Each structure stands twice: as structure tokens, then as C-alpha cells.
Protein chains: 2
Amino acid sequence: MPTPERTSTEEIVAAGREILEVAGPSGLTMQAVAERVGVRAPSLYKRLRDRDALHAAVAAASIDALTARLESAGDDIAALAHAYRRFAQEHPEGFRIMFSIAAPHDALERSAAPLIRAATALVGDDDALDAARLFTAWATGFLQMELSGAFRLGGDVDRAFEYGVSRLTAGMTG
Amino acid sequence: MPTPERTSTEEIVAAGREILEVAGPSGLTMQAVAERVGVRAPSLYKRLRDRDALHAAVAAASIDALTARLESAGDDIAALAHAYRRFAQEHPEGFRIMFSIAAPHDALERSAAPLIRAATALVGDDDALDAARLFTAWATGFLQMELSGAFRLGGDVDRAFEYGVSRLTAGMTG
DNA sequence: ACCTGAACACCGTTCAAGT
DNA sequence: ACCTGAACACCGTTCAAGT
């Protein structure tokens with residue numbers, strides 16, 4: 001005798017993203033997610049293998065959300081950098097969890113595409129991948145350090161970000 | 001009637017660092033550390049407020065270990081970059097945990113000093129801090145992405161690292 | 001087919017009692 | 001002074017039983 005579905009993987013993952021931002025990775029528990037979607041914890045195991053799978057699904061969803069932001073950001077590197085930073089500031093835990101897990105290939109590729117397009121326009125086909133990686137690494141590290149408070153030592157963080165964007169852009173074309 | 005101390009904060013933190021590398025952050029439990037140092041879990045609360053304090057202490061110790069590496073690495077930027085990367089590869093979880101917690105001011109300052117010295121030699125006093133941050137952000141992001149598997153898409157990762165080092169060094173002086 | 005309560009193992013934390 | 005066992009709350013996970 002079938003029972004109607006009382007939730008869905010999508011709803012579970014969306015609830016997971018919200019809980020993650022409020023309670024951090026240690027607060028992203030099966031029980032918290034179950035309560036949020038109106039179900040008992042054992043029911044989650046119908047859709048997710050275990051807690052690690054929940055974390056991986058939330059990480060993948062964060063990458064997808066970032067990708068959507070980047071795709072609608074515009075086609076130059078400064079616009080992409082600002083969209084990336086805005087995403088990290090609005091979803092600091094979502095930003096962090098992306099790098100705590102080996103993401104699926106296709107999600108990575110989609111998220112990288114806008115920047116590779118922008119880099120190609122700037123430096124040409126041959127150097128586009130190297131340039132995109134240089135830029136992504138800088139931005140990722142900058143945001144990581146900004147979020148973890150490593151820039152408390154002084155100076156204007158906004159200005160430091162702009163400095164990095166213009167400096168790297170100039171360095172690529174020069 | 002006094003009882004002899006059966007462990008110490010130093011021993012606890014050292015055990016924590018080893019467990020972290022083997023079992024990851026979720027495996028860094030009070031019970032695992034207690035067993036490793038030959039004591040029962042409640043005894044740890046004599047020296048550490050709670051589990052968060054254990055994680056923070058392990059993060060601070062990781063920063064100190066990195067600082068020692070950097071201090072003995074040499075005085076130019078390429079040498080510092082390679083020392084940083086070697087540390088991250090040998091202690092991937094130690095590298096990650098450094099950015100998951102707001103580190104104490106003085107630990108941050110000490111860890112930054114060698115790079116700021118190298119940057120000063122390269123670009124002068126005025127631009128040293130900006131240059132050091134640009135470089136640290138890039139290296140941190142690169143290692144983060146390397147460890148999380150974001151470079152699986154192809155290309156020689158060692159070469160990409162060298163490319164970044166030389167490109168950034170040239171960009172700073174140019 | 002999906003959901004649940006019950007059960008078990010394991011962890012964080014407190015505290016009274018031991019030496 | 002430091003250490004421990006006992007206790008409690010909470011979480012992950014499995015599974016038989018409900019609809």
C-alpha cells in the first residue's frame with residue numbers, strides 16, 4: 001500500500017543549505033534537516049545514503065548556485081570577481097563547504113566556464129586556462145582569508161580586493 | 001591529596017594534530033584524543049573548555065608549525081611558496097583547519113612576517129603589504145583547490161604552481 | 001512504496017566521588 | 001589538584017512493523 005511522499009531530495013538539500021548557513025557544518029545534522037522538512041530522521045535514508053552524502057549534496061548545490069550567479073554576472077573578469085565575492089559574503093558556509101569535498105566533474109566544469117570565456121577574451125585561447133586558474137586561486141584564497149578573519153590586521157579589505165582584481169587583470173594582458 | 005599529571009596541553013594538542021590528519025575534522029573527537037594520550041575524556045576538560053577549544057588549539061598549533069617552516073625556508077618568495085605548498089601537502093587537514101577558525105592576532109602576525117620581509121625586498125616598504133596579501137591569497141587558494149581536487153580537469157599541477165609563482169613575482173616587480 | 005518508533009552505538013559534557 | 005565512572009542529552013544508523 002503506497003504512502004504519499006512527504007518530502008523530496010530537492011527540499012532536503014534546500015533545507016540543508018539554510019541550516020548550514022545558520023548552524024555551520026557541525027549543525028548540519030540529519031535530525032535538524034528532518035525536522036525542518038517535517039519528517040523523522042530515518043526517512044532521510046530513503047534519499048541520501050548517509051550524513052556525508054547530505055554534505056556532498058549541499059556542496060554540489062552550492063556550486064550550482066554559484067554557477068548561476070556567475071552566468072548572469074556579465075562577461076568580464078571584474079564582474080565575475082565581484083559576483084564571486086558577493087556569493088561568498090551572502091553564503092559564507094556555502095562557500096566553504098564547496099572546498100571541503102571533491103565536487104563532481106560536470107559541476108566543476110560548468111562553474112569554470114564563465115571565467116574561462118572571460119579569460120579567453122582577455123588573453124586568447126592558449127593562455128586562457130592558466131589565466132583562469134591564476135585568477136580563481138587568488139579570488140578563492142582572498143575570500144577564504146577574508147571570511148576566516150585573516151585580514152583583521154589592518155587596511156581596507158574592499159580596496160585590497162579591487163587592487164587584486166586590477167593588478168591581476170593588468171598582469172595577464174601585459 | 002594531589003595526583004600526578006598524566007598528560008599536558010601540549011601532548012593533547014600534538015595528539016589532536018595527528019588524529020586530525022588521519023581521521024579528518026569529524027574524527028577529531030574528545031574521546032579519540034583522550035584515548036591517544038592515555039586518559040579518560042572528562043579529564044580533557046581540565047585543560048580545554050570544550051571541543052571547539054580543542055579544534056582552535058589544533059588550528060593555532062598548525063599555524064605555528066607552518067610559521068616555523070616559513071622561517072627556515074629562505075628569504076625569497078619562491079622559496080616561501082614552495083615551503084607553503086610542502087606544508088599543505090604533508091598536513092592537508094592541518095592546512096584546512098587553519099582557515100576554519102579565527103586565529104589569534106599574534107599567531108597571524110608571526111606567520112605573515114617572513115613573506116612581508118620577502119615582499120619588502122622585492123617591491124619596497126609601501127607596497128609590501130599589498131603584495132604579500134596578493135601572493136598569500138593566490139597560494140592559499142591554489143592549495144585549497146589542489147587539495148579539494150578542483151584541478152582534476154587536466155593540466156600539470158606542478159607546472160601551474162610554478163607558472164603562478166613566476167607570473168606573480170614578475171607582476172609585482174613590473 | 002514510503003514513513004515511523006524502537007533500538008543500539010557513539011560522542012560531548014557535567015559532576016560527585018576517589019586518590 | 002587531577003582523574004575517574006556514572007549519568008544525561010543528543011546524533012547517526014538500522015530495521016522490523018505500520019499504512
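Predicted model only: the values in this text are computed from it and were never measured. Naming convention: chains lettered A, B, ... in sequence-line order (proteins, then strands); numbering from 1 in each chain.
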Q. Of the non-hydrogen atoms in B/A34 and B/R40, which two are nearest, and what is the gap between them?
A. CB-C, 3.7 Å
Send over the distance from [X] [atom1] to [N] [atom2], rounded to a whole Å.
X     : N      : atom1 : atom2 : value
B/E35 : C/dG12 : CD    : C1'   : 16 Å
A/D52 : D/dG12 : CG    : C1'   : 11 Å
A/R51 : D/dT14 : CZ    : P     : 15 Å
B/Y45 : C/dT14 : OH    : P     : 7 Å
B/D50 : C/dC11 : CG    : P     : 17 Å

Q: For the pair B/E93 and B/R96, find out whether any cationic side-chain nitrogen is under 4.0 Å from an anionic carboxylate oxygen.
A: yes
Sidechain-backbone polar pair: [X] side chain, [Y] backbone, donor-acceptor under 3.5 Å:
X      : Y      : value
B/E21  : B/G94  : yes
B/T140 : B/A137 : no
B/R51  : B/L28  : yes
A/R152 : B/A103 : yes

(Q) Just checking B/F95 against B/H91, ring centres under 6.0 Å apart? (A) no
Q | Per B/Q31 side chain, nearest of listed nucleotides C/dT14, C/dC11, D/dC11 | A | C/dC11
Q | Under the 3.5 Å Watson-Crick or G-U criterion, the dot-bracket string of DNA chain D, with | for inter-strand pairs | A | ||.|||||...|||||.||
Please tabulate the protein-to-nucleotide N/O contacts below 3.5 Å involving nucleotides 3-9 of chain D, giving atom names and distances.
unit_1	atom_1	unit_2	atom_2	d
D/dC3	OP1	B/R6	N	2.9
D/dC3	OP2	B/R47	NH2	3.4
D/dC3	O3'	B/R6	NH1	3.4
D/dT4	OP2	B/R40	N	3.0
D/dT4	OP2	B/S43	OG	2.9
D/dG5	OP2	B/R40	NE	3.1

Q: If the plane angle is over 60° it's perpendicular, under 30° parallel, otherwise tilted; pick one for B/F161 and B/F142.
A: perpendicular
